[in-house]
2 protein chains.
Amino acid sequence: MADERQLTRRGRERRDKLLAHATSRFAENGFHPTSVSEIVDSVGVGKGVFYWYFESKDQLLEEILREALRSLRSHQAAAIADAADPLHRLEAGIRASIEWSVANTDVLRLVMFGWSEETFAEVLRKGRDIVVTDTARLIEQAVDLGQIMGGNPTMMANAIRAIIDELGREYALSTRNHATGSPSGDAPPVDPEMVETAVRMCLHGLHG
Amino acid sequence: MADERQLTRRGRERRDKLLAHATSRFAENGFHPTSVSEIVDSVGVGKGVFYWYFESKDQLLEEILREALRSLRSHQAAAIADAADPLHRLEAGIRASIEWSVANTDVLRLVMFGWSEETFAEVLRKGRDIVVTDTARLIEQAVDLGQIMGGNPTMMANAIRAIIDELGREYALSTRNHATGSPSGDAPPVDPEMVETAVRMCLHGLHG
DNA sequence: GAGACACTTGACCGGTCGGTCAAGAGAGGT
DNA sequence: ACCTCTCTTGACCGACCGGTCAAGTGTCTC
């Protein structure tokens, strides 16, 4: 598929359906073990359709990863809009990120995979840097206001992202309950204790 | 290869060499894109040799992952032996884990991959649970002694492991400098600021 | 030197996979 | 009715991959 094709509404719907099914199949079986034939079969179309909408299997995954970043950031942006000061914005961002992680466990698995191959790791690095920069900026502001102690903002932001990613995963990858079959958005329950622990660890560490 | 074969010294050396080369090739190219032929070629032996020492490509990766856990735990155990109280043991364990991560960036990439496929994720879950339980026990002890605030020890332990894993990765996966070519143990420099940030985030969070 | 056993070789096999393409089908516009 | 452009089909292809195996070679023991 060329960079940008003129899609009709029917076309856009097909494309989205392929994206959704691919995400769910990849998450369940792994990227390489899932063949393109498997994806198109699960949607019920011929193989050519896939290559009408996507350049290649790799490019499809790259798009899934990029779209995930876009979705996460917009979720964060919406969440921190109301908060007044940097510290509260940080906390709101943390909560929003956890919510997003729990709601997108499929994508989290793909992110894990992505880090294991250079092609995708490059995409993820760029995305990660953007999110970390966002957070680091908030940390700097909070430091300037004397709300928290100083330090290397980038590293601190990375630590926060780490907690979010991994605590989210505790409920995402540990149990094997990612979307079985069709990608129906079954809102998973967010464990409040987990969220509070994550927030507390980000803000106060072990000393609570 | 059967469960346990009687290996001569030469045999054990061959096996180790295959393990090391496989780890480095997997980390550089990804697990699936790296063929068994590529591995044996890089060692300079015939393909049959691989299947003399390992049951399958999958079983090889499982062994790499299990061995990684063993190595990490023994590194941790050695580090916390001297520390007197639980809190200092925690800190020593954190430092040891970061050192290990930075010294084993190749394996870290494989761990990322492992989470993306059920077969390997199962192995990783077991390993992760062991490490988390170790840490959670220390946290409980520290809480009992009033050294830190209470909470869900398992979740807190997960948060700590998260920080370690990810901050370690900042220097492992972000830059593309994993062992190029033969797996020569080139001790990488550990950034002291990174270690201190990680320790501080684990203990005190953003509030420093 | 003969036998036993650890190890090595590399051609070979069945199967799968990503990707192509010639041939059309649908749908809108005029 | 006819053209155009989006979309769909599915057989087909070349490449490659994990794994096998019959036929060896090296090395130790007695």
Side-chain angles (χ1 to χ4, degrees), chain A residues 1-23 25-26 28-64 110 113-114 116-120, chain B residues 1-23 25-26 28-64 110 113-114 116-120:
Chain A
M1 173 196 181
D3 248 347
E4 276 310 320
R5 217 193 265 286
Q6 202 56 262
L7 297 182
T8 64
R9 191 153 72 89
R10 180 157 140 261
R12 259 177 280 124
E13 278 164 9
R14 260 270 200 279
R15 193 167 195 279
D16 288 348
K17 201 167 180 184
L18 279 167
L19 262 167
H21 274 79
T23 302
R25 302 301 297 149
F26 286 160
E28 199 161 339
N29 296 340
F31 178 72
H32 288 292
T34 301
S35 65
V36 172
S37 311
E38 201 179 327
I39 296 168
V40 295
D41 283 356
S42 87
V43 177
V45 296
K47 206 172 180 180
V49 172
F50 184 94
Y51 289 94
W52 174 259
Y53 293 108
F54 304 100
E55 262 174 27
S56 67
K57 202 186 164 191
D58 279 18
Q59 185 259 335
L60 164 65
L61 179 56
E62 284 177 35
E63 179 162 338
I64 291 174
L110 299 193
F113 167 77
S116 76
E117 291 185 25
E118 243 328 281
T119 326
F120 310 117
Chain B
M1 172 196 182
D3 247 347
E4 277 308 322
R5 217 193 267 286
Q6 202 56 260
L7 297 183
T8 64
R9 189 153 72 88
R10 179 157 139 263
R12 259 176 280 124
E13 278 163 10
R14 257 286 142 75
R15 193 167 195 279
D16 288 348
K17 202 168 179 183
L18 280 168
L19 260 167
H21 274 80
T23 304
R25 302 301 298 150
F26 286 161
E28 199 161 339
N29 296 340
F31 178 72
H32 287 294
T34 302
S35 65
V36 173
S37 312
E38 202 179 325
I39 296 168
V40 294
D41 283 356
S42 86
V43 177
V45 296
K47 206 172 180 179
V49 172
F50 184 94
Y51 290 93
W52 176 260
Y53 292 108
F54 304 100
E55 262 173 28
S56 68
K57 202 186 163 190
D58 279 19
Q59 185 260 334
L60 163 65
L61 179 56
E62 284 177 35
E63 179 162 336
I64 291 174
L110 299 193
F113 167 78
S116 76
E117 290 186 26
E118 246 326 284
T119 328
F120 310 119

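Below, read A as the first sequence line, B as the second, and so on, with proteins coming before strands; counting in each chain starts at 1. Everything quoted here is computed from the prediction, not taken from an experiment. These values consider heavy atoms only, across backbone and side chains, with no hydrogens, waters or symmetry-generated copies.
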Taking any atom under 4.0 angstrom from a heavy atom of chain B, which nucleotides of DNA chain D are the first and last to qualify, 5' to 3'?
dC17(D) to dC21(D)
Look at Tyr53(B) and dT8(C) and indicate whether a side-chain polar atom (N or O) is within less than 4.0 Å of OP1 or OP2.
yes
Check whether any side-chain heavy atom of Arg15(B) lies under 4.5 Å from a side-chain heavy atom of Glu63(B), and answer yes or no.
yes
Of all the nucleotides listed (dC7(C), dT8(C), dG18(C)), which has the minimum atom distance to the side chain of Ser35(A)?
dG18(C)
Just the rounded figure in Å: distance from P of dC17(C) to CZ of Phe54(A).
19 Å
Can you identify which nucleotide, out of dG19(C), dA27(C), dA6(C), has its nearest atom closest to the Ser56(A) side chain?
dG19(C)
How many Å lie between CZ on Arg14(B) and P on dT9(C), as a whole number?
6 Å
Atom-to-atom span, CZ of Arg10(A) to C1' of dG26(C) - whole angstrom
6 Å
Taking the side chain as every heavy atom from C-beta outward, state whether Val45(A) and Lys17(A) have any pair of such atoms under 4.5 Å apart.
no
Quick one, Trp52(B) and Arg14(B) - any side-chain contact, counting heavy atoms below 4.5 Å?
no
Taking only side-chain N and O atoms of Thr8(B), does any of them lie within less than 4.0 angstrom of OP1 or OP2 on dC7(C)?
yes
Rounded to the Å, how far apart are Leu7(A) CG and dG28(C) P?
15 Å
Quick one: Trp52(A) CH2 to dG24(C) P, roughly how many Å, whole number?
18 Å
Between atom CD in Glu13(B) and atom P in dT8(C), what is the gap in whole Å?
11 Å
Mind telling me whether Phe120(B) and Phe31(B) have parallel, tilted or perpendicular rings, with 30° and 60° as the class edges?
perpendicular
Is any side-chain heavy atom of Lys57(A) closer than 4.5 Å to a side-chain heavy atom of Phe26(A)?
yes
Any Val36(A) side-chain heavy atom under 4.5 Å of Tyr51(A) side chain
yes
Indicate, with a heavy-atom threshold strictly under 4.0 Å, whether Val49(B) touches base, sugar-phosphate, or nothing.
base
What's the CZ-P distance between Phe31(A) and dC17(C), to the nearest Å?
13 Å
Base, sugar-phosphate, or nothing for Gly48(B), non-hydrogen atoms under 4.0 angstrom?
base
A side-chain contact here means heavy atoms from C-beta on lying under 4.5 Å apart; do Tyr53(B) and Leu19(B) qualify?
no
From NZ of Lys57(A) over to P of dG19(C), roughly how many Å is that when rounded to an integer?
8 Å
